[in-house]
Amino acid sequence: MTIRKAVFPVAGWGTRLLPATKSIPKELLPVWDRPILHHVVEECARSGVTEVLFVTSSGKEAVLDYFDRNHELEAVLEHRGKEEALQKVQAPATMAVFFSIRQGEIRGLGHAVSKARTWVGDEPFAVVLPDDLVLSKEPCLAQLDRVFATVGRPVVALEEVPWEETRRYGVVAAEPGPAGSVAIREMVEKPQPEIAPSNLAIIGRYILTPEIFDFLEGTKEGTGGEVQLTDALRALIPKGIYGYQFEGKRCDAGSPLGFLEANLAFGLHTPEVKPKVLAMLKKFLEPG
Ligand code: G1P
């Protein structure tokens, strides 16, 4: 694996999930039996990532607590002989080495990523948006890493979306590239369907090279009045930037319906509970 470091922008308000996210970071809402963020950090760890940087804001302290030890709770569980619970409580802190930095102002994804400059240093790194949960055999980030190992240039995860949804994503135009990738020729942040260059959308997994930080510094506010990562990535097109349509199924856990979908998906993909989930669905599909 080439990538050791992953940057997680987690400073946002989670407005699409209000009021649930009024006092709880959306990243800590549970999907099946663990927080959204646990699933995504697990994907990174399985992809070879050993260091994680959370770009946070005030009110997100619980995110850091989750990936830290909790000696008081551990002592209680140990005293009560709750071995299984103890292991579950200890596991998050062992998944990587965790760092954090405050974003300061909430000025968009590009601004959040720019905060990672010093921490990243001089090596390729991943940017991971925890709203996007991917169920796949090979972890999504590992799939991108394979492509990166071949092309040696930045790679973004791509997925075809319904045309009417292009306004929710960064959208690319591309032509076939090496190792099953596509070479990106155009990128637009959240275009209306009429002007979208395709329906191939960027999903929240990126492998970037440190050159992006210079471009981010020169990037002005774009769509939604925010500094967009997509706008800085567009500047890389002449030097080469690639996309990869990953194998797997994605849920947007940052919206109410996508959150429900993620819970159903994880329930249905967990062999020991699948029959029960199916029985629950049947119960509520029956009239009465
Ligand atoms: C961000 C990016 C967008 C990308 C999306 C993937 O948008 O700006 O290019 O397609 O993540 O989830 P956001 O969902 O933060 O508005």
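Indexing begins at 1, ligand by ligand and atom by atom, following the structure's order. The figures here come from the full heavy-atom set of this structure, side chains too, leaving out hydrogens, waters and symmetry mates.
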Salt bridge (Lys or Arg N to Asp or Glu O under 4.0 Å) for Arg46 and Glu43? Distances and angles first, verdict last.
CA-CA 5 Å; Arg46 287 177 57 216; Glu43 176 196 325; over 6 Å; no

For Arg4 and Glu51: C-alpha separation, side-chain torsions, deciding distance, then whether salt bridge (Lys or Arg N to Asp or Glu O under 4.0 Å) applies.
CA-CA 6 Å; Arg4 293 192 310 124; Glu51 293 180 29; 3.3 Å; yes

Could you go through Asp252 and Arg16, starting from their C-alpha distance and side-chain angles, then the distance that decides it, and tell me whether this counts as salt bridge (Lys or Arg N to Asp or Glu O under 4.0 Å)?
CA-CA 11 Å; Asp252 173 11; Arg16 291 183 301 161; 2.8 Å; yes

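For the residues Ile202, Leu158, Thr166, Leu129, the heavy atom positioned nearest atom 4 (C) of ligand 1 is part of Ile202.
Ion pairing of Lys88 with Glu74 is absent here, as no side-chain N (NZ or NE/NH1/NH2) approaches a carboxylate O to less than 4.0 Å.
Using a 4.0 Å threshold on non-hydrogen atoms, atom 14 (O) of ligand 1 does not count as touching the protein.
Under 3.5 Å, the side chains of His111 and Glu226 contain no donor-acceptor pair of N or O atoms.
Shown in contact with Thr230 at under 4.0 Å from a heavy atom are these atoms of ligand 1, numbered in order with element: 9 (O). Those atoms of ligand 1 with a heavy atom of Gln228 less than 4.0 angstrom away are 8 (O).
Both Val128 and Tyr66 sit in one connected hydrophobic cluster of ILVMFWY residues. Membership requires side-chain heavy atoms under 4.5 Å apart, directly or through other members.
Taking only nitrogen or oxygen atoms, main chain and side chain alike, Gly170 reaches within less than 3.5 Å of ligand 1. By the 3.5 Å distance cut-off applied to N or O atoms, Lys190 is counted among the residues near ligand 1.
When non-hydrogen atoms are compared, ligand 1 lies under 4.0 Å from the side chain of Asp132 (C-beta onward) but not from its backbone.
If you look at Phe125 and Phe213, their ring centroids are closer than 6.0 Å.
Heavy-atom separations between Leu229 and ligand 1 are all 4.0 Å or longer.
Shortest contact from atom 8 (O) of ligand 1 to any protein heavy atom: Glu189 OE2, 2.7 Å.
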